Amino acid sequence: MSTDESAVLKSGGKPQVTMEKLVGLCKRRGLVFASSDIYGGLGSTWDYGPLGVELKRNVKEAWWREMVQRRSDIMGLDAAILMHPRTWEASGHLQSFTDPLVDCKACKQRFRADQVADGRCPECGGELTEPRNFNLMFKTFIGPLEDSAHAAYLRPETAQGIFVNFGNLLDTQRVKLPFGVAQIGKSFRNEITPGNFIFRTREFEQMEMEFFIPPDPTQEARWFEYWVELRLGWYVKHGIEREHLRLRPHGKDELSHYSRGTTDIEFLYPFGWGELEGLAKRGSYDLDRHAEFSGKDLTFFDEEAKTRYRPWVIEPAAGVDRALLAFLLDAYDEDIVEDEARVVLRLDPRLAPIKAAVLPLLRKGGQVEKALEVRARLQPHFPTAYDQAGSIGRRYRRQDEVGTPWCVTIDHQTMSDDTVTLRDRDSTAQVRLPIAALVGELNERIGWHR
Ligand code: GAP
């Protein structure tokens, strides 16, 4: 990751929020908490609070809608985290999913060898050991016996659940190439240097899709370009600034053991450019290896060409937590409204944890009861908040800060004509409309179909 960018500018020339401020907001408003906080936290592990979990679900749903539900060539899968240990021998992870590690002989701290610039300990300047390979998979045991015959691993990528099910999918689904299989789920890596909030953690969630194509370099090149463009567009369409994204092809020496070519979609975080999503050409590596290790026939019969082969794979692999971090960073803004400074999360309405907040202007004249009635009308359609505490300005500000796109205000006039005001988070503009029109108007504005 490069840290050469001293200030990340948003469009309009404003500086991007610092990590410190964002982490503060996440904690204060219940988006993300340090895990096991009461015990002092567990390094680089995080829990998503009530608003964070909504945001996270929305990120995953936006991906699933685009990658599975709106297409006819991709299907979903939800495989177990624990898999037969042979999986990881076959996939190459047992042997090759390692980071080179060095220990400081003086202070005993450990570092990734490729992150130590001058061969001395970055903490105390002490002498370092020779690098040795450290496997990133978390090991555990199945059943009560803790011996090597019962060892198992927490999956380090969701992808293998798809490859080992390839035969099941061919047997049960009517497919023709190209087709894809998508999965969202937790993955685990015993990272040596986790950090930067939810950017790099040991337990995280992935959104991966394996796209199977005929074994042909021309088709591979075409489909790879297609998926890079589509994935890039997905981030932009959901609120990431295009200038904060770039493509970085991997050099030959940094390719994963399974890859014939990889391009990362990188995002400009406050700490520099870093990976957001990786797109890899996995060829037939995984199916070949699983066929070899399982003895099963994992070939596909191509009706048109009348031949059998193991398809090649293009894989867009995204991180839920990293995507969520990037969406938050680009949504965060500070401006002045009616002479008062405010923090506003300009999240895409589809991602916003809460779509609307209902606010009675006064706590009398039947406005509270009316407001609760309006909330009950909206709630079956989307997450809706209710707030009656404090001045109306302060209540707007509270919603702005967590990205609620619209506030519905109940006032004196509502009591006589059943109309409300609808305030827009970004422009703060208000319009008046009948209560009966609210659900339709809000669904239209959320723009689910986009
Ligand atoms: N199946 C291919 C694969 O796993 P990867 O580039 O290692 O590829 C894909 O991971 C994505 O998963 C990354 O782009 C990142 O968004 C996310 N990811 C990987 N390691 C992570 C970690 N330690 N913490 C958070 N997200 C991580």
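Please read all numbers here as calculations on a predicted model, not as lab measurements. When a ligand or atom number is given, it counts from 1 through the structure's own listing order.
Among protein heavy atoms, the minimum distance from atom 10 (O) of ligand 1 is reached at Q206 NE2, 3.3 Å. The protein atom (non-hydrogen) at minimum distance from atom 17 (C) of ligand 1 is G319 CA, 3.7 Å. Annotation: atom 18 (N) of ligand 1 to nearest protein heavy atom, F204 CE1, 3.5 Å. In terms of protein heavy-atom proximity, atom 15 (C) of ligand 1 is nearest to R322 NH1, 3.6 Å. When hydrogens are left out, the protein atom nearest atom 24 (N) of ligand 1 is T201 N, 3.0 Å; that is the closest non-hydrogen contact. Here the heavy atom of the protein found nearest to atom 11 (C) of ligand 1 is A317 O, 3.6 Å.
Applying the ring-ring contact (aromatic ring centres under 6.0 Å, His included) test to Y226 and every residue at least two apart in sequence or in another chain returns W223. Taking W46 as the reference, F197 meet the ring-ring contact (aromatic ring centres under 6.0 Å, His included) condition, with sequence neighbours excluded.
In this structure, the side chains of R260 and R282 stay at 4.5 Å or more apart for every pair of heavy atoms. Considering only heavy atoms from C-beta on, H244 stays 4.5 Å or farther from Y269 through its side chain.
Note: H93 and W88 have perpendicular aromatic rings, judged against thresholds of 30 and 60 degrees for the angle between ring planes.
Looking at F97, F267, F199, it is F199 that brings a heavy atom closest to atom 25 (C) of ligand 1. Of the listed options R189, E275, E157, R189 places a heavy atom closest to atom 7 (O) of ligand 1. The heavy atom nearest to atom 3 (C) of ligand 1, out of those in R282, M207, Q160, E208, is found in E208.
The closest donor-acceptor contact from the side chain of R29 to the backbone of V402 lies at 3.5 Å or more, if one exists at all.
Proximity of R200 to ligand 1, defined as any heavy-atom pair under 4.0 Å, is shared by backbone and side chain alike. Under 4.0 Å from ligand 1, the heavy atoms of Y258 that appear belong solely to its side chain. No part of R202 comes within 4.0 Å of ligand 1, judged by heavy-atom distances.
The N/O atoms of A159, backbone and side chain alike, include none that comes under 3.5 Å of an N/O atom in ligand 1. Ligand 1 has a nitrogen or oxygen under 3.5 angstrom from a nitrogen or oxygen of L276.
With respect to the salt-bridge test (charged N to carboxylate O, under 4.0 angstrom), the residues R395 and D387 do not qualify. A salt bridge links R342 with D335: the closest approach of a Lys/Arg side-chain nitrogen to an acidic carboxylate oxygen falls below 4.0 angstrom. A salt bridge between E205 and K60 is present, with a side-chain N of the basic residue lying under 4.0 Å from a carboxylate O of the acidic one.
The contact set between ligand 1 and E315, taken as ligand atoms under 4.0 Å from a residue heavy atom, comprises 1 (N), 2 (C). Within the listing of ligand 1, atoms 14 (O) sit less than 4.0 angstrom from a heavy atom of G278. Of all atoms in ligand 1, numbered sequentially from 1 with element shown, those under 4.0 Å from a heavy atom of E277 are 14 (O).
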Given side chain to side chain contact (heavy atoms under 4.5 Å, CB included), test D103 with K108 step by step and report yes or no. CA-CA 6 Å; D103 292 291; K108 310 290 180 210; over 6 Å; no
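The minimum heavy-atom distance linking W448 with R70 is given by the pair O-NH2, 2.7 Å.
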